[in-house]
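Worth saying up front: this structure is predicted, and the values here are computed from it rather than measured. We name chains A, B, ... by the order of the sequence lines, and we start the count at 1 in each one.
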Amino acid sequence: MIDSKEIETKWQMRWREAKAFEADPIPQRPKFYLTVPYPYANAPMHVGHGRTYTIGDILARYKRMQGYNVLYPMAAHVTGTPVSGVANRIRDKDPEVLKLYRSNIAIWRPKKDVDTVLATFIDPMAIAQFFSSAIEGDLRKLGYSIDWRRNFTTNDPEYQAFVTWQFNHLYQLGYITKGSYPVLFCVNCGNAVGEDDLLQGEHAKIAEFVAIKFPFEDGYLITATLRPETVYGVTNVWINPNTIYAKIQVNEEIWFVSQPAVRKLVNQRYHSKRLDEIPGTEFIGKTCKSPIEDRELLILPAEFVDPENATGIVYSVPSHAPFDWAALRDIQKSKRALQGFKLDFDAIKAIDPISIIAIEGYGEHPAIELVDKLKIKDQKATTKLNEATETLYRAEFYEGIMKDNTGPFAGRKVSQIKDDVISFLKEQNRAFQFFQPDQKPVTCRCGNDVVVAVLPDQWFINYGDPQWKSQARKALNQMFIFPEVYRRLFESTFDWLKERPAARRRGLGTRLPFDKKWVIEALSDSTIYMAFYLLIHHIRVNQIIPQQLSYAFFDYVLLGKGDITTIAEKSNIPEETLVEIRKEVEYWYPNDLRHTAVGHIPNHLSFFIFHHTAIFPEKFWPKAITLNEFVIREGEKMSKSKGNFIPMAEIPRRYGADLYRLYISQIGDLQSIVDWKEKDVNTARRRLNRLIRIFSDASKIPDTPLDEIKLSMASRWILSKINTTIRDATESLENFRFRSYILQTFFQLLNHVEFYLRRVKKSSSERNPVLRYIVSIWIKLLTPVMPHLCEEIWERLGSISFVSLENWPIPDEKFIDENIEKAMEVVTQTINDIKEIKGLLKDKKIGTVHIFVSPDWKYHAFKKLIKADAPPTVKDLMPILMKDAKLKKRGKEINELVQAIAKAGGYWTFVDKSTEKNVLTENRDLIQAETGLTVEIQDGDKPKKDPENRAAKALPGRPALFLE
RNA sequence: GCGGGGGUCGCCGAGCCAGGUCAAAGGCGCAGGCUUCAGGAGCCUGUCCCGUAGGGGUUCGUGGGUUCGAAUCCCACUCCCCGCACCA
């Protein structure tokens with residue numbers, strides 16, 4: 001028997017010792033350069049991650065067997081905040097993180113060593129190194145044919161030199177821009193915060209308000225809104241009487257805002273001097289001016305105004321804002337609400353809502369309608385008011401049209417003028433952008449509230465550059481994308497891609513060469529790294545230090561630019577070395593295929609294309625992308641916290657690499673999200689065990705040439721099957737149909753071979769040689785999926801080479817016999833028919849089945865019809881046969897025949913008469929065994945026994961039956 | 001909302017691009033049988049409904065349409081999932 005764990009280790013060692021997958025340029029051989037994403041090295045990978053790598057490896061191995069020189073490299077991504085975040089939290093002794101990382105380390109290390117390793121994790125690079133090498137071990141144990149010499153991490157100084165070079169290029173090309181940018185920010189930590197840094201509100205986004213200035217006394221009331229277009233409908237301003245406001249000086253202006261808003265403004269680059277504190281009540285009853293039409297507006301009290309929200313001052317648009325209407329109605333209704341304020345009740349009663357947006361389905365004042373409809377009592381009914389606000393906002397934004405009283409915007413759709421309104425107001429110095437988190441509370445891990453800060457000198461990569469974009473589109477159009485449905489996703493991504501912030505103030509990574517305060521962000525440093533795999537082992541072998549990796553070095557080796565003598569002198573790298581590296585690049589590049597996850601389309605893969613077109617000449621642009629969806633487990637997303645996480649490291653022990661590879665690659669089409677089900681893995685395991693049994697039996701059979709043996713129909717059938725399977729499997733793999741490939745080469749072929757072995761007696765002289773022939777081909781077909789088992793059997797069959805490096809099989813045409821395959825289908829179909837009839841006759845005792853092969857003339861008729869290639873309808877087919885004088889006299893029978901074809905909608909499988917008769921006769925035993933009946937095969941033209949006159953009903957491929 | 005994808009016989013999931021042999025692969029589950037000391041092991045059979053002759057009926061989100069013929073093509077509707085930018 002075969003111990004899968006043992007053979008996996010054995011062959012992994014052999015491959016390693018023989019450097020079987022270390023790929024160097026071989027000029028006379030065609031190359032295939034395949035990449036998959038490097039994993040992020042801050043956590044263990046799980047069974048789902050291996051889907052992409054397995055599919056990549058199947059392809060790599062297939063291409064290698066097809067004669068390509070294949071390079072399949074791997075590295076580790078460590079850039080950004082995750083790794084450094086973990087290090088920080090371990091340094092801070094965060095108990096949750098300590099626990100998590102203890103269990104992570106325990107996956108690979110004995111219990112006694114865990115704390116020692118954990119102690120090193122205060123250094124981010126220790127984490128990166130640990131996981132990077134752990135992941136390498138995991139991937140090796142799955143038998144991936146990776147060239148590990150080229151492994152690196154993205155924080156290695158050599159890689160940083162490469163990224164530096166790339167960004168210098170982008171900068172020179174003018175693709176790097178600078179501007180201000182709002183981010184979630186923790187004032188206490190003095191840093192931007194990401195999802196990982198948040199204690200509460202981890203999915204918070206930034207909401208963009210428009211602050212609008214309402215002239216008031218010696219300055220402005222600063223209101224804030226999400227709907228600046230409503231400023232035309234303002235009737236008054238709301239102030240919370242129960243809070244204290246601040247009077248501040250910003251530049252040359254005086255602003256009034258709530259106290260919490262002052263801090264927000266500071267973070268958003270509005271530095272202020274605090275002049276005074278003013279109770280809300282002091283504003284009430286005074287007036288301010290509307291920002292654009294210069295109308296007098298009364299300042300009124302409203303409790304719904306939250307000083308913590310936005311600027312703490314709200315302008316009122318009762319016609320379109322439910323809150324405003326509810327509050328206005330409250331004070332118009334009752335004088336009592338105004339007690340303690342110096343307010344003219346009549347003036348308040350005189351306030352009329354101003355309608356400025358027309359919208360179908362609503363009347364003059366939509367907010368009033370909604371407040372009435374939802375039976376909102378007063379301004380304290382926050383839940384209902386929020387609901388009404390959202391409904392109305394949505395409706396007005398997408399369907400609303402500005403009315404005539406809205407100046408330059410009259411007649412236009414709300415959704416289309418929003419930006420124009422903002423710039424219109426800005427031009428008149430009446431507005432500015434104002435940000436805050438879109439939810440509350442949002443707190444940093446340090447415990448402080450998170451605010452929005454505007455960073456003044458953020459660096460962007462400008463994917464919106466029209467020339468760059470059209471280059472990228474050109475590249476995309478030339479690329480092969482599979483599954484093809486995803487091309488549209490690329491196209492729409494390219495459409496909306498614009499400026500993208502490309503650097504941060506923290507985390508691991510490479511510093512921006514032209515502004516060293518900034519660290520290049522994790523997606524931006526991973527766009528053309530496929531090229532780096534071609535350099536790194538040369539850099540190491542030649543002991544080139546990072547300082548030698550100048551701009552000119554990369555320009556020469558990657559782009560072929562510059563004078564080699566000068567570069568060699570300046571960098572102190574010998575000319576021969578430079579030439580060798582350059583040759584490596586010219587040989588392997590471009591990347592022939594990138595296989596990765598669908599989720600990368602809107603970011604990494606798009607950047608991958610953009611950056612290649614920016615940096616490299618067209619001949620180095622990537623050729624193809626294939627994609628797969630992710631993996632869930634028993635219907636749920638896998639995550640460490642849910643406890644439903646199967647670490648990749650456990651695969652060899654729990655399943656074995658070959659079984660894993662088999663299961664994960666056939667579980668679903670690339671474009672489906674697949675579900676890892678333990679039951680299904682087991683099914684695959686059972687099938688695999690059957691295969692192993694057959695393989696190991698076959699490996700004991702001495703090699704005997706097949707041409708010395710007389711072959712039965714059964715043997716000819718299975719020999720044909722294996723050869724047509726080569727053809728079909730090759731076609732499947734050429735078209736990236738991995739699932740079909742495995743169905744054909746594993747599940748179906750296994751069924752066929754078992755069927756064959758059941759039918760051919762052990763003692764028969766043809767059985768063993770045929771089996772051995774089949775297995776010797778079969779191994780090769782399966783090597784890409786289950787390389788360990790196949791190597792083992794290959795060796796046992798007496799070969800000294802690696803089957804991984806053997807040639808992919810080519811179908812042997814002399815064995816392909818479609819007639820026999822079809823004939824067997826006729827047999828199977830006949831068996832099924834007999835079973836069905838037998839089932840229906842369960843009351844009667846049946847002992848014998850008479851099988852009548854169709855009369856001659858019907859085969860002739862069939863051939864005639866097929867040759868005519870007419871639609872399978874009675875009116876099309878009849879004339880064809882009626883033209884034939886011999887057939888014409890069988891008018892009635894012809895009609896029946898044609899009816900049958902028309903009903904079936906075409907022709908079923910059939911063979912010529914003698915084949916049909918032979919195959920039924922040869923398989924008499926089989927039919928008898930399957931049906932439990934004695935089988936009599938008769939010729940429909942001269943039946944010996946046919947009491948019910950069935951022979952005449954037989955059709956080609958569908959013999960008539962009589963059971964008695 | 002915008003953009004992308006999808007609703008298939010209990011469940012998962014092929015098929016749809018290239019309409020006919022599709023009651024629609026395969027797996028899981030379920031049922032029956034065999035094997036076994038026993039078994040959550042293995043093997044075989046069945047699994048939309050009806051049927052004492054290989055047949056018939058009704059199905060592929062809903063409603064229309066094109067066609068001799070539609071799960072597959074067209075139109076409308078409906079429901080679900082994902083992405084929308086600093087988490088990689």
Side-chain angles (χ1 to χ4, degrees), chain A residues 37 39-40 42 77 79-83 85 181 183-184 192-198 202-203 205-206 394 397-398 415 458 460 463 483-493 495-504 507 521-524 526 598-604 629-630 635 666-669 671-675 677-680 682-684 686-687 689-690 739-740 743 747-748 751 754 825 829-830 832-844 846 871-876 901-910 930 948 950 953 957-963:
Chain A
Y40 201 86
N42 74 327
H77 197 195
T79 311
T81 50
V83 168
Y181 194 73
V183 291
L184 293 175
V193 288
E195 261 180 56
D196 277 351
D197 307 306
L198 298 177
E202 52 180 320
H203 298 301
K205 295 255 179 297
I206 292 169
R394 192 160 282 216
F397 182 77
Y398 294 108
S415 57
Q458 172 74 55
F460 299 89
Y463 295 113
E484 174 69 26
V485 281
Y486 295 120
R487 185 180 291 279
R488 301 185 58 175
L489 206 51
F490 274 105
E491 284 165 356
S492 38
T493 302
D495 287 345
W496 64 253
L497 222 42
K498 44 179 198 247
E499 285 179 325
R500 181 175 198 281
R504 300 220 201 129
E521 162 281 333
L523 282 174
S524 302
S526 302
V598 174
H600 291 147
I601 295 173
N603 42 61
H604 165 72
E629 271 289 3
F630 57 93
Q666 61 78 42
I667 177 169
D669 276 356
Q671 66 268 40
S672 6
I673 294 165
V674 296
D675 194 357
K677 292 183 191 164
E678 210 61 31
K679 287 240 173 188
D680 290 350
N682 247 318
T683 305
R686 294 201 304 264
R687 298 295 185 89
N689 286 339
R690 280 157 68 181
R739 198 164 189 269
S740 311
L743 243 42
F747 291 99
Q748 287 174 8
N751 284 342
E754 292 210 309
E825 270 181 59
Q829 184 54 45
T830 304
N832 289 339
D833 284 348
I834 298 168
K835 280 184 183 169
E836 185 174 353
I837 298 166
K838 198 187 165 202
L840 290 169
L841 297 175
K842 51 181 173 285
D843 300 345
K844 288 189 186 171
I846 308 291
T873 62
V874 176
K875 76 173 180 353
D876 289 302
I901 295 166
K903 198 155 53 178
Y907 306 92
W908 48 87
T909 302
F910 73 100
E930 293 280 328
E948 291 193 10
R950 299 208 165 262
K953 290 209 159 71
R958 306 191 61 182
L961 303 171
F962 173 62
L963 280 68

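With sequence neighbours excluded, the residues that form a side chain to side chain contact (heavy atoms under 4.5 Å, CB included) with A:D495 are A:R473.
At the heavy-atom level, A:T493 lies nowhere under 4.0 Å from the strands shown. Among the heavy atoms of the strands, none lies under 4.0 Å from A:K838. In this structure, A:A960 reaches the bases: a heavy-atom distance under 4.0 Å links it to at least one base atom across the strands shown. Note on A:L489: only backbone sugar-phosphate atoms sit closer than 4.0 angstrom, heavy atoms only; bases stay farther off. A:P483 comes within 4.0 angstrom of no nucleic acid atom, judged by non-hydrogen atoms across all strands. When heavy atoms are screened at a 4.0 angstrom cut-off, A:Y486 is found touching no nucleic acid atom at all. Residue contacts shown for A:N832 are absent, as no nucleic acid heavy atom lies under 4.0 Å away. Nucleic acid contact class of A:H77 (heavy atoms, under 4.0 Å, all strands): sugar-phosphate only.
Side-chain contact between A:T81 and A:R504 is present, with heavy atoms from C-beta onward closer than 4.5 Å. Counting only heavy atoms from C-beta outward, the side chains of A:R687 and A:N751 approach each other to under 4.5 Å.
The residue among A:Q458 and A:I837 whose nearest nucleotide of RNA chain B lies closer to the 5′ end is A:I837. In this structure, A:F460 and A:R958 both approach RNA chain B, and ranking their closest nucleotides by distance from the 5' end singles out A:R958.
Look at CG on A:N603: it is 11 Å from P on B:G83, rounded to the nearest Å. Whole-Å rounding puts the A:L963 CG to B:U52 P distance at 16 Å. Distance, A:L497 CG to B:A85 P: 12 Å, rounded to whole Å.
Using modelled atom types and a 3.5 Å distance limit, the side chains of A:D876 and A:T873 yield a donor-acceptor pair.
Put simply, A:R504 has a side-chain N or O that comes within less than 4.0 Å of OP1 or OP2 on B:A88. Under 4.0 angstrom from either OP1 or OP2 of B:A14 there lies at least one side-chain N or O belonging to A:S672.
Closest to the side chain of A:W496, out of B:C84, B:U52, B:C87, is B:C84. With B:G6, B:U52, B:A88 as the choices, the nucleotide that has an atom nearest any side-chain atom of A:L840 turns out to be B:U52.
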Quick tally for nucleotides 19-35 of chain B: nucleotides whose base has a protein heavy atom under 4.0 Å get B, sugar-phosphate-only ones S, the rest -, giving -BB---B-SSS------
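Across every strand in view, B:C16 sits unpaired, with no contact that passes the Watson-Crick or G-U test at under 3.5 angstrom.
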